[in-house]
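Working notes, beginning with the structure itself.
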Amino acid sequence: MKLSTRARYALRLMLEIAKQADRNIPVSLHQVARQAEMPRRYLEQLVIGLKNASLIRGVSGKVGGYCLTKPAGEIKIGAIIESAIGPVNIVNCVNDPRQCLKADVCECRLLWTLINGRIADVLNEFSLADMLDKKWYRLMSRQIMQRPAGSIPLRKPRSTPTSGATQ
């Protein structure tokens, strides 16, 4: 399974906005497009979903742009992904069993539901602030590098702050 371009760009956009959140400076899409090397027109489409999910708000005027609606530590990665692509759903029958005639007897559906739930759990465990925290990033990178593939823990370290981003 591969995360869609739409979801990846939405997360990058939110990270760029979150970097300026402590200074309360609106971030323009032109600035994000240039810094993150993303198409501005695509970002304009993503903003609609992020605003509808109440994750960002627009600021009008000469120095306008977009700001977070709440602290970065309160914005979960899952909410960003869902604003871009809808609910996490690795196969249609997980969220809507009516999509498959064999959903009631399918040997695989239980596994798909478990995998889907774990993905959603991980996405909803981490916040924008976590991703911007350099200590958290280094710690998670070390944990990933020290473990064999597939054995990465699903919980973040307890001592990691999540209330604000560290630049």
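Just so you know, these numbers come straight off a predicted model, no measurement behind them.
Identified under the salt bridge (Lys or Arg N to Asp or Glu O under 4.0 Å) test for residues 36-46, with sequence neighbours left out: R40-E44. Applying the ring-ring contact (aromatic ring centres under 6.0 Å, His included) test to pairs two or more places apart or on separate chains, none has a residue in residues 81-120. Listed by first then second residue, pairs satisfying ring-ring contact (aromatic ring centres under 6.0 Å, His included) with a partner in residues 24-65 read Y9-Y42, not counting sequence neighbours. Within the structure, ring-ring contact (aromatic ring centres under 6.0 Å, His included) contacts touching residues 51-107 (residues at least two apart or in different chains) do not occur.
To the nearest 0.5 Å, the span separating OG on S83 from CG on L46 amounts to 7.5 Å. The OG atom of S28 sits 7.0 Å away from the CZ atom of R34 when rounded to the nearest 0.5 Å. Distance check, rounded to the nearest 0.5 Å: CZ of R118 to CG of N116 gives 12.0 Å. Taken from CD in Q31 to CG in L43, the straight-line distance is 11.5 Å, to the nearest 0.5 Å. Atom CG of D133 and atom CZ of R138 lie 8.5 Å apart (nearest 0.5 Å). In this structure, C108 SG and K102 NZ are separated by 11.0 Å, a value rounded to the nearest 0.5 Å.
Here the closest non-hydrogen pair linking F126 and M140 is CZ-CE, 4.1 Å. The minimum heavy-atom distance linking P87 with N95 is given by the pair CB-ND2, 3.9 Å. When every heavy atom of E82 is checked against every heavy atom of V88, the shortest pair comes out as OE2-N, 4.0 Å. The shortest non-hydrogen separation linking M38 to L13 is CE-N, 4.0 Å. P26 approaches G64 most closely through the heavy-atom pair CB-C, 3.8 Å.
Inter-residue side-chain proximity for R109 and P97 is flagged as met; some heavy-atom pair is nearer than 4.5 Å.
The side chain to side chain donor-acceptor pair (under 3.5 Å) search around D96 returns R98, Q99, not counting sequence neighbours. I85 pairs by the side-chain contact (heavy atoms from CB on, under 4.5 Å) definition with S4, R6, A7, I81, not counting sequence neighbours. Residues meeting the side chain to side chain donor-acceptor pair (under 3.5 Å) test with R12, sequence neighbours left out: E16.
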Q. When you look at C67 and V59, which way does the side-chain contact (heavy atoms from CB on, under 4.5 Å) test go after all the steps?
A. CA-CA 7 Å; C67 295; V59 177; 3.9 Å; yes

Q: Determine, step by step, whether L128 and L68 satisfy the side-chain contact (heavy atoms from CB on, under 4.5 Å) criterion, reporting the C-alpha distance in whole Å, the side-chain angles of both residues, the deciding distance to 0.1 Å, and the verdict.
A: CA-CA 11 Å; L128 280 175; L68 301 179; 4.2 Å; yes

With a cut-off of 3.5 Å and sequence neighbours excluded, list every side-chain donor-acceptor pair involving residues 48-58.
from: N52; atom 1: ND2; to: I48; atom 2: O; distance (Å): 3.3

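Side-chain heavy atoms closer than 4.5 Å link hydrophobic residues (I, L, V, M, F, W, Y) into clusters, and following such links, even through other members, never connects I90 to L114. Taken together through direct or relayed side-chain contacts under 4.5 Å among Ile, Leu, Val, Met, Phe, Trp and Tyr, V122 and V94 form part of one hydrophobic cluster. A continuous path of Ile, Leu, Val, Met, Phe, Trp and Tyr side chains, each step under 4.5 Å between heavy atoms, connects I77 with I115, placing both in one hydrophobic cluster. Each of V27 and I25 belongs to its own hydrophobic cluster when Ile, Leu, Val, Met, Phe, Trp and Tyr are linked at side-chain heavy-atom distances under 4.5 angstrom.
Put simply, the side chain of D130 gets close to the backbone of S127: a donor and an acceptor are under 3.5 Å apart.
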